[in-house]
Amino acid sequence: MTDNGSPEEHPAIAPLSFLLGRWEGAGVGGYPTIESFRFGQEIVFSHIGKPYLIYNSRSWRLDDDGNKVEPLASESGFWRPQPDNNVEVLLAHPTGIVEIYLGEVSGTRIDLATDVVARTATAKEVTAGKRLYGKIGDDLAYAYDLAAVGQELQPHLSAQLKWVWTE
């Protein structure tokens with residue numbers, strides 16, 4: 001434990017440590033099967049001293065003035081750094097979808113692609129995803145490509161988030 005009572009970072013998370021903290025911002029979304037939209041988002045990356053990051057994300061639709069209109073999505077999981085700058089990401093969605101991403105960390109850029117997508121009988125058909133996370137100045141930006149409901153892999157979401165705090 002550190003002097004402030006928070007756990008010390010496990011050495012394995014060093015390549016991902018730039019993600020630690022709470023990030024907030026806004027983005028845009030769209031897909032051939034839905035109308036385009038603006039959204040706000042909060043992502044929190046934390047740790048408990050073990051060789052992984054804990055990930056939580058929630059988002060909400062924004063109106064034209066930037067006000068929260070309704071909740072959109074949430075996901076949670078774990079980011080597990082691996083040797084040779086590789087990373088495994090496990091994500092669960094309350095809509096009945098679970099994804100395992102494999103990827104590579106290059107400085108402050110992370111490229112991920114799904115290895116496995118599993119879903120319950122009542123979940124929307126999702127077959128693949130690609131995510132790109134990276135620092136742009138002090139901000140965290142990402143792009144998410146999705147293959148779902150009979151559509152091929154294509155852009156779905158992108159956002160730019162500002163760092164709010166860290167443990």
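Treat the numbers as computed from the prediction; the structure is a model and nothing was measured.
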request  = Write down the atom of E152, the atom of Y31, and the distance for their closest heavy-atom approach.
outcome  =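 For E152 and Y31, the tightest heavy-atom pair comes out as O-OH, 3.7 Å.
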
request  = Over all heavy atoms of both residues, which pair between L20 and W163 is shortest? Give the atoms and the distance, please.
outcome  =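 Distance-wise, the nearest heavy atoms are O-NE1, 3.5 Å.
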
What distance do [X] atom [atom1] and [Y] atom [atom2] have between them, rounded to the nearest 0.5 Å?
X    : Y    : atom1 : atom2 : value
T114 : Y101 : OG1   : OH    : 6.0 Å
I13  : F18  : CD1   : CZ    : 11.5 Å
E88  : L102 : CD    : CG    : 6.0 Å
H10  : L16  : NE2   : CG    : 12.5 Å

Strictly distance-based, threshold 3.5 Å: is any side-chain N or O of [X] a donor or acceptor partner for the main-chain N or O of [Y]?
X    : Y    : answer
H47  : I54  : no
E125 : G150 : yes
S57  : E75  : no
S36  : G30  : no

request  = Specify whether F45 and Y133 have parallel, tilted or perpendicular ring planes, treating 30° as the upper limit for parallel and 60° as the lower limit for perpendicular.
outcome  =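 Plane angle over 60°, so perpendicular.
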
Less than 4.5 Å apart, any side-chain heavy atom of [X] and any of [Y]?
X    : Y    : result
T127 : V117 : no
E99  : L112 : no
I110 : W79  : yes
R38  : V69  : no

inquiry  = Before you tell me yes or no, could you show the steps for K124 and R119 under side-chain contact (heavy atoms from CB on, under 4.5 Å), namely the whole-Å CA-CA distance, both residues' side-chain angles and the distance that decides it to 0.1 Å?
reply    = CA-CA 8 Å; K124 172 176 65 175; R119 62 185 188 273; over 6 Å; no

ask   = Please walk me through it: do D139 and K162 pass side-chain contact (heavy atoms from CB on, under 4.5 Å)?
value = CA-CA 5 Å; D139 294 351; K162 302 222 174 278; 2.9 Å; yes

query = Of D145, L146, V28, which meets side-chain contact (heavy atoms from CB on, under 4.5 Å) against H156?
reply = L146

